[in-house]
Amino acid sequence: MSIRRQFTRCSRSASTNVRVSLPAVCFVWQIAMIVLFGVFIRYNEEADTHWQEFRRENNISSDIENDFYFRYPSFQDVHVMIFVGFGFLMTFLKRYSFGAVGFNFLVAAFGIQWALLMQGWFHTLDPATGKILIGVENLINADFCVAGCLIAYGALLGKVSPVQLLVLTLFGVTLFAVEEYIILDLLHARDAGGSMVIHAFGGYYGLAISWVLYRPNLNLSKRLNGSVYHSDVFAMIGTLFLWMFWPSFNSAITDHGDGQHRAAINTYLALASSVLTAVGISSVTQKKGKLDMVHIQNATLAGGVAMGTAAEFMITPYGSLIVGFCCGIISTFGYVFVTPLLEKYLKLQDTCGVHNLHAVPGMLGGFIGAIVAASATEEVYSREGLINTFDFEGDFADRTVGTQGGFQAAACCVAIAFGIVGGGCVGLVLKIPIWGDPADDNCYDDEAYWEVPEDDESIPPILEYNNHMIHKLPDL
Amino acid sequence: MSIRRQFTRCSRSASTNVRVSLPAVCFVWQIAMIVLFGVFIRYNEEADTHWQEFRRENNISSDIENDFYFRYPSFQDVHVMIFVGFGFLMTFLKRYSFGAVGFNFLVAAFGIQWALLMQGWFHTLDPATGKILIGVENLINADFCVAGCLIAYGALLGKVSPVQLLVLTLFGVTLFAVEEYIILDLLHARDAGGSMVIHAFGGYYGLAISWVLYRPNLNLSKRLNGSVYHSDVFAMIGTLFLWMFWPSFNSAITDHGDGQHRAAINTYLALASSVLTAVGISSVTQKKGKLDMVHIQNATLAGGVAMGTAAEFMITPYGSLIVGFCCGIISTFGYVFVTPLLEKYLKLQDTCGVHNLHAVPGMLGGFIGAIVAASATEEVYSREGLINTFDFEGDFADRTVGTQGGFQAAACCVAIAFGIVGGGCVGLVLKIPIWGDPADDNCYDDEAYWEVPEDDESIPPILEYNNHMIHKLPDL
Amino acid sequence: MSIRRQFTRCSRSASTNVRVSLPAVCFVWQIAMIVLFGVFIRYNEEADTHWQEFRRENNISSDIENDFYFRYPSFQDVHVMIFVGFGFLMTFLKRYSFGAVGFNFLVAAFGIQWALLMQGWFHTLDPATGKILIGVENLINADFCVAGCLIAYGALLGKVSPVQLLVLTLFGVTLFAVEEYIILDLLHARDAGGSMVIHAFGGYYGLAISWVLYRPNLNLSKRLNGSVYHSDVFAMIGTLFLWMFWPSFNSAITDHGDGQHRAAINTYLALASSVLTAVGISSVTQKKGKLDMVHIQNATLAGGVAMGTAAEFMITPYGSLIVGFCCGIISTFGYVFVTPLLEKYLKLQDTCGVHNLHAVPGMLGGFIGAIVAASATEEVYSREGLINTFDFEGDFADRTVGTQGGFQAAACCVAIAFGIVGGGCVGLVLKIPIWGDPADDNCYDDEAYWEVPEDDESIPPILEYNNHMIHKLPDL
């Protein structure tokens, strides 16, 4: 092992050394965050010590009506999805688990800060004071924003340096905030669980970057582009926490009361349905009907992605099941057939298959949302329910459901366009050879950026049989 | 490795090939779910867009009084128990972690859909419209219902095919809904955490199936019926999430306010007490006082199982400790002494020891509930508290606590009878040689139903020392 | 393997046999808990069946205002931190994962019971009835109290027996309750997230014990004092659950409404900031900029520790970022430079580096809290907000913020003094050679206290190629 490590050190020293760039980026950006937070960010009235006065002024009868109690449990579930869900889902590679869970952690920790600022400037900047007032809903939105960048990381897993990931996140969060502003505010589309804003954008953003960063000789690292038994079990931790908490993800920022309640039910059902079709397709496309862990780890989640827009609508329970049914099939087929074709013909290397789990189901989710919105009726929703659900108030009081459906569809196109164009540009930036990315024969390997412990097996076996010898051996 | 795999493929090809049956069952049943949901299932008034009208009509002062906010945090905890708790608890086998966590996932995802229908028909079918109206409480109940089948899976772990598990779940959920109807509605017994309805039923259901499916030559697979170091650590993830969230399990559907509060406290205490006695017995029954991971992974949970019925009663904090104390002892003794005897004399092969963790503590929990109910007094509960706790209203307004205790005991017998008789019948169905179950020398092995990755160790060691050689080697 | 095991058994048989002491302690103490609970502990009015009467008497309009709904989601998050967070964080050693997660489980399960009693006697004993009335807030406080002992375990990991850990917990919880009473009640300091009460106390308590138990020949066990690849991934489960749920930890027992809301936001921000500086320092201090898992697993959490006191104050969002920024740096530097020096010059063996994660950041957190309290103004807090936040009521109605700052600083010194002096005394108790602790060349090894399964690799390779041979081989 030590020989290999020395060898690695010699031949790659120039490429993956981030001893200057990584600390520099971490420190400079973190200091910038502190300065910008100092200038712009304050607590909102529900997190400020003036809350008791605010309560009296607004006739709020109890502390329990603080938004904290409506949203905090969902926030924590979303938080788990971002850090454990996405992080562990990517640990499936045999020697990239540190990078998967560690860089996911780094990227998300930076991204949530930058997202609070970017989303604040676009959505909640108080024009009178010039301050952004934050509360629990902003924390959820920051987590959502980061999810887009983590999805993009999935396409690039094992092929980029942590500095590149931070750059990807800086631009990704910025693009996210702009497209979110266009979609939610200008187009007035609804997208509570982010099929379009998060998944379609994040998926295409990652794919476009990966396309620009195409590595023709990536098969030199093929020995490490696969799983081992226990790394697949680790990845199931990620899968399950994503799957279980997706109802919280899609309902976290929907309307109080029936909105949150309905979004959770719909997502729960779509996810259950996805599992069965993912298993079915996985079995039927493999020799002897054996299941492939890749499909179980990923395609089972497609129903949650695809319900991101429509979960808060009256899509009906069986409608949710149908969405999950179809997306489980499409996603699994994507892993079996489309990913190899994309790599062969489009030169698109997509480590985690985000095309099949996020890009396509996200896009479908956007269009499903458009159809469900366009077919909404006062009979089903009630007049008041229609207004609440689609927020037909203020400037949008006269909008019809048909128009809303059109804007939803347009919003989905905006998300995809932002992902592809933005990803292309960011890919060009990341192609500059200054970021310390690994060589083609050094991908998917934690050795590049981590102090990796010696393997258990490397304990000289003699130690096992003769404890007296230990004292004379040099330190391991 | 590859030779072994080829060999396995040759000799077992007929038996474990589920390439037709598994996809067929997944697709047909999922389509059936969609159709039945289309006919029967709608949102209830708290998840429907008419919620605002419902609020006004019922003088509900705030959105926070939507049942979602009373139950959703508990629901998510229960959800984690079902998918991560049960799934990872069963990953302890050295080569069956994929099957443990993956089939658990499949079974639960199907089961919750079928449970929503079955429980809906029996409990919440609106006679006027013929619809089942669902909300968050139904989702919790569906998770509960599935728990019964997952417990049964524990007895069969490694010995059945995924198709058999789906059949087991189809019948298990059906039986569950019927026994639950008899116990909760006809006998009017209380069983909020399901000592009887879930654990006693599920445990005996699994044991009865396992008894019918007895494999005389199972010791041919003995090499795989054990753990390795890291698989035991994975299993602790399951144990701990079950242990931590059990207070949510037992309180999830109890009365708003004091009911949920008290059930959580009682369960928390019983579980803490179980840990100490499980550790004590584990140490005293092993050579040199060493602890056995099997006991720590399982018997520590016995207090939670046994508090399923009585948690919402005024069992008192020390009463809860006593329950945990006794059940920790009984469960650990079960693992040490009873399971080997059951296998030897009753021909009962119980992979996870559900007899000791679910069947017996569940049965005890039912009788503890009966005793606590029978000894309830107006002095302790207050008149109003007694009525609320035991729901002495409507047809049951005149019931005394003594009578209630009798019905509780009868309910426990019903649950056990349903488990044993139902499990016997389902076992006969599963014995039909069409389900693709593994041969006796092929049990506890993920190779049968999963594409298992090559081991890390199979990377030719030469690669470690000479990177140039990689290019000339064939793809791994 | 078997030879090694036999050897181990022969030479250490006397020392680590806990077959009498461990069960004795478990049973006697658990029985004592039952008796003491029987005498002292009852449900409080929010968990009792008299809740409906209590509601009417106190004009509480809805069940949702039961404290259960304010605190239960936070309680469950804290519970996960205690059992999975601390437990898995310590699994990083290659052969001590069972001990890490298993003894953590045992200690916490005993500790929470003893803490309910000790904290009850000091804080909530009803003088009229002599009873301790418990509810969800007491459960959270019990978990907090145990956290102090688990932190101390971190310094001793791999070097003590389970019996010693239980003794450590018995005394630790007692000391905790006393120092907590002095700090919160007598000094009237605020410390909602326990920077002082939990982390500074627990850290110095563990360090003092470790100092007394110094093992000059501990390098005989050096071969096991390190991680392997997958044990580091397991440890990240602990890290992430601690990191994600720390906002719940620091807000769990703060004031309803804005208090909980603000504490969660501040902690979330400080933690994010810690991650970036921990990564930066880790990279810059290692050869070639490679990250060290030890730093990522631990120093990323320093921001949460340091916000334990000030999280509920108006420290401002950028103030929180600054705290996290500084503590991430200090903690990582501690791992790189201070821990080796402490071992070399102070003879202080600190397995998990609790000095850098808990003792120092906790102490800093205490002083940060003092400064923030002293600089509070009516302009920022509002008069009412100041009274609510610092609880300037009753005997303390006339206290100024300056005085409060002084008492906060004094409180921090009390916590440290209790840790050091208490730990010194408990260390002397644990030095008595009756507790079954391992010999110097037998530390960090699960073999001492656990039935450890044979390794996967120990399956004779011939089995892999010829299934027929299995039948003739003896049982593994």
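Convention: sequence-line order gives letters A, B, ...; per-chain numbering from 1. What's counted below: heavy atoms across the whole structure, side chains too, no hydrogens, waters or symmetry copies.
- The closest side-chain donor-acceptor pair between A/S382 and B/E53 falls under 3.5 angstrom.
- Remark: aromatic rings of B/F241 and A/F241 are close, center separation under 6.0 Å.
- B/V136 and A/H261 make their closest contact through N-NE2, 2.9 Å (heavy atoms, listed as atom of the first residue, atom of the second, distance).
- Heavy-atom distances place no part of A/S282 under 4.5 Å from chain B, backbone and side chain included.
- Heavy atoms closer than 4.5 Å to chain B are found in the side chain of A/N266, but not in its backbone.
- Aromatic ring orientation, B/Y69 versus A/H256: perpendicular (interplanar angle above 60°, classes split at 30° and 60°).
- For A/F70 and B/Y72, the ring centers sit 6.0 Å or farther from each other.
- A heavy-atom distance below 4.5 Å is not found between the side chains of B/F27 and A/L276.
- For the pair A/D258/B/F68, no side-chain contact is recorded, criterion being any heavy-atom separation below 4.5 Å from C-beta on.
- Between B/R56 and A/E384 there is a salt bridge, since a side-chain N of the basic residue sits under 4.0 Å from a carboxylate O of the acidic one.
- Only the backbone of A/V380 comes within less than 4.5 Å of a heavy atom in chain B; its side chain stays farther off.
- Residues B/Q76 and A/S248 form a side-chain contact, since some pair of their non-hydrogen atoms from C-beta on lies under 4.5 Å apart.
- When all heavy atoms of B/V80 and A/M244 are compared, the pair lying nearest together is CA-SD, 3.3 Å.
- Annotation: side chain of A/F313 is not in contact with side chain of B/T49 (no heavy-atom distance under 4.5 Å).
- Here the shortest heavy-atom pairing between B/Q30 and A/L321 reads NE2-CD2, 4.1 Å.
- Residues B/F37 and A/L269 have side chains in contact (heavy-atom distance under 4.5 Å, counting atoms from C-beta outward).
- For A/T389, the part sitting under 4.5 Å from any heavy atom of chain B is the side chain, from C-beta outward, and nothing else.
- The parts of A/Q260 that come within reach of chain B are both its backbone and its side chain, each placing non-hydrogen atoms under 4.5 angstrom from that chain.
- Across all their heavy atoms, A/K290 and B/E451 have their closest contact at CB-OE2, 3.8 Å.
- Contacts of A/I329 with chain B are made by side-chain atoms alone, with heavy-atom separations under 4.5 Å and no backbone atom involved.
- Chosen from A/G289, A/G324, A/G257, A/G385, the residue pairing most often with chain B at heavy-atom distances under 4.5 Å is A/G257.
- Using a 4.5 Å heavy-atom cutoff, the side chains of B/F105 and A/V275 are in contact.
- For chain B, the nearby parts of A/I315 are the backbone and the side chain; heavy atoms of each come within less than 4.5 Å.
- Interface summary for chain B: among A/Q286, A/M293, A/E65, the most heavy-atom pairs under 4.5 angstrom belong to A/M293.
- Ranking A/Y318, A/Y229, A/Y381 against chain B, the residue ahead of the rest is A/Y229, based on heavy-atom pairs under 4.5 Å.
- If you look at B/F234 and A/H230, their ring centroids are closer than 6.0 Å.
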